[in-house]
Structure formats: structure tokens, C-alpha cells
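Bear in mind the structure is a predicted one, so any value in this text is a computation, not a measurement. Throughout, residue positions are numbered sequentially from 1 according to the sequence presented.
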Amino acid sequence: MNIAIPMELREYIQQNIIPQYVNFDKAHQIDHVEKVIEESMKLASYYDVNVSMVYAIAAYHDLGLCEGREFHHIVSGRILMADETLRHWFTDEQLLQMKEAIEDHRASNKQAPRSIYGKIVAEADRIIDPEVTLRRTVQYGLSHYPEMDKEQQYARFRKHLNDKYAEGGYLKLWIPQSDNTKRLAELRCLIVAEKELSGVFNKIYTEENNAVL
């Protein structure tokens with residue numbers, strides 16, 4: 001079923017959807033959505049799926065950040081369903097499945113995504129690159145909790161990493177063909193190495209603060 005993505009759909013998303021990410025926090029800028037799209041397309045190659053659906057799901061997956069983070073996955077799905085232009089390329093049934101995939105992509109969801117489309121975008125959104133993950137965590141803290149001092153930021157940084165990525169954390173991986181399993185093991189080694197983790201945080205914290213000045 002891996003039919004090529006129509007040029008008109010690709011152009012519509014590149015011109016009208018992806019640029020919206022410039023309005024979000026540093027961890028969810030255009031480079032983030034482009035990476036999720038790239039990873040989603042790579043993972044889609046292992047499955048009998050509609051790649052146009054995969055492409056659109058990845059592009060729309062975080063648009064709901066325009067209304068805040070807590071329910072962004074729900075809002076993102078709503079935005080996709082409300083986009084009448086997408087009906088040029090997708091049926092009502094396909095759009096509903098795409099909406100559900102977007103709703104299911106959030107890492108904190110306790111249940112597995114309802115379809116392979118949800119699993120693909122959820123896995124692609126993980127982007128477990130230790131360096132990227134650590135920087136995004138610092139960036140998120142600085143952006144959303146500017147009142148915190150450095151010590152408080154580090155405590156939040158460590159708590160988030162342990163809650164999400166450590167052994168027993170809420171992060172779940174869904175696609176065995178992805179590189180995330182190996183990268184997660186590397187990240188877990190760093191999380192338990194307190195001195196090294198502190199050093200990495202100090203470096204990123206200084207760089208991010210200097211970038212703001």
C-alpha cells in the first residue's frame with residue numbers, strides 16, 4: 001500500500017502546516033516536526049501502510065501545542081479533523097484513523113496506540129538521541145518554568161528523566177525496527193551516572209542561558 005505521497009499534499013503541508021511549529025517552544029520547533037516526519041517515513045517502510053497518512057499524521061501530531069501541552073494530543077487530532085483541505089486526499093474513515101493515531105502518540109499514554117499508524121508516530125516522536133533528549137529537557141524547563149533557579153531546574157531535569165526514561169519509566173517503545181531501543185539503553189546508563197549527568201546538565205544549561213542573552 002506504500003503509494004507515493006501526492007506532490008500537492010506534500011506542498012500543502014510544507015507551506016501551511018510545518019511553519020506553524022515556529023510558534024512553539026524550543027523543543028517543538030520546525031526541526032522537531034521534520035525529524036518526526038523523517039523517522040515516521042523510515043518506520044513506515046517496514047509496514048503495509050498508506051504513507052500519505054503517515055506523512056500527514058507526523059506533520060499534524062503536535063499542532064495542539066497552540067492550546068498548551070496537557071491536552072495537545074487531543075487538540076492536534078481535532079485540528080487535523082477540522083482541516084477541510086485534507087479531504088482532497090483522505091476519506092472520512094482515513095481521517096478518523098489519523099486523528100486516533102495523533103491522540104495516541106503521547107508518551108505518557110498508558111495504553112498502546114490503537115493502530116500501526118499510532119505506533120509509528122509514537123515511536124518516531126520518541127527520538128531517543130541522548131544528546132537531543134537531554135537538551136530538549138533543559139529547554140523545556142527553562143521555557144515553562146523560568147522562575148526556577150539552576151538547582152531547581154536540575155531537580156526537575158532529573159525527575160523528568162527518571163519518570164520517563166529510566167527502568168520502569170512510563171516511556172514505551174512500539175516498533176522493533178527503530179533505533180530507539182539501543183539509544184534508550186545508552187540514555188539509561190547516563191541517567192544513573194550522577195556525576196556525568198550533572199556535568200552534561202551544567203554544560204547545556206549554560207549554553208541555553210547564553211543563547212537567550
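The main-chain N or O of E93 is never found under 3.5 Å from a side-chain atom of Q97 such that the two would form a donor-acceptor pair. At least one donor-acceptor pair under 3.5 Å links the side chain of N109 to the backbone N or O of E103. D83 places a side-chain N or O within 3.5 Å of a backbone atom of T85 that can act as its donor or acceptor partner. A distance-only check finds no donor-acceptor pair linking the side chain of S198 to the backbone of K195 [under 3.5 Å]. Under the 3.5 Å distance criterion, the side-chain polar atoms of D125 are left unmatched by any main-chain donor or acceptor of V121. At least one donor-acceptor pair closer than 3.5 Å links the side chain of Q152 to the backbone N or O of D149.
Residues H105 and H72 bring their aromatic ring centres within 6.0 Å.
Scanning both residues, I120 and A44, for their nearest heavy atoms gives CD1-CA, 4.0 Å. Across all non-hydrogen atoms, the minimal contact from Q14 to Y55 is CG-OH, 3.6 Å. The two atoms that bring I102 and H73 nearest to each other are CG2-O, 3.6 Å, heavy atoms only. Here the closest heavy-atom approach between residue D62 and residue Y21 is recorded as N-OH, 3.1 Å. In this structure, I191 and L197 approach most closely via the heavy-atom pair O-CD2, 3.8 Å. Nearest approach of F90 to S52, heavy atoms of both residues: CZ-O, 3.5 Å.
A salt bridge links E84 with R87: at least one charged nitrogen is closer than 4.0 Å to a carboxylate oxygen. Under the 4.0 Å criterion applied to side-chain N and carboxylate O atoms, E39 and K35 are assigned as salt-bridge partners. Of the charged side-chain nitrogens involved, at least one lies within less than 4.0 Å of a carboxylate oxygen, so that K203 and E207 count as a salt-bridged pair.
Checked against side chain to side chain contact (heavy atoms under 4.5 Å, CB included), P113 has the following partners two or more places apart in sequence or in another chain: D104, K119, A122, W174. For A59, the side chain to side chain contact (heavy atoms under 4.5 Å, CB included) partners at least two apart in sequence or on another chain are I13, I17, I37. Take H160 and apply the side chain to side chain contact (heavy atoms under 4.5 Å, CB included) test, not counting sequence neighbours, and it matches T137, R156, K164, Y165, Y170. Listed by chain and residue number, E167, L184 satisfy the side chain to side chain contact (heavy atoms under 4.5 Å, CB included) test with R188 (two or more places apart in sequence, or in another chain). Qualifying salt bridge (charged side-chain N to carboxylate O under 4.0 Å, His left out) partners for K172, counting only residues two or more places apart in sequence or in other chains: none. Residues passing the salt bridge (charged side-chain N to carboxylate O under 4.0 Å, His left out) test with E11: none are found, sequence neighbours excluded.
Around the CD atom of E194, the shell of radius 6.0 Å holds more than 12 heavy atoms that belong to other residues, nucleotides or ligands. No more than 12 heavy atoms of other residues, nucleotides or ligands shown are found within 6.0 angstrom of CD on E131. Summarising the local packing, CD of Q111 is surrounded by 12 or fewer heavy atoms from other residues, nucleotides or ligands at distances under 6.0 Å.
A donor and an acceptor atom, one from each side chain of Q94 and Y117, are nowhere located under 3.5 Å apart. Between the side chains of E123 and N180, a donor-acceptor pair is found at a separation under 3.5 Å.
Using bins of under 30°, 30° to 60° and over 60° for the plane-to-plane angle, the ring pair H144/Y140 lands in the parallel bin.
Y60 places a side-chain heavy atom less than 4.5 Å from the side chain of L86. Side-chain contact between D25 and Q139: absent, with no pair of heavy atoms (C-beta onward) separated by less than 4.5 Å.
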**OP:** Under the side chain to side chain contact (heavy atoms under 4.5 Å, CB included) rule, what do Y205 and L142 come out as? Steps first, then yes or no, please.
**Re:** CA-CA 9 Å; Y205 182 88; L142 292 172; 3.8 Å; yes
Subject >> side chain to side chain contact (heavy atoms under 4.5 Å, CB included) between L65 and N23, worked out >> reply: CA-CA 9 Å; L65 288 169; N23 300 312; over 6 Å; no
**OP:** Please assess E8 against W89 for the test side chain to side chain contact (heavy atoms under 4.5 Å, CB included), listing each intermediate value before the final yes or no.
**Re:** CA-CA 9 Å; E8 296 83 358; W89 303 287; 3.8 Å; yes
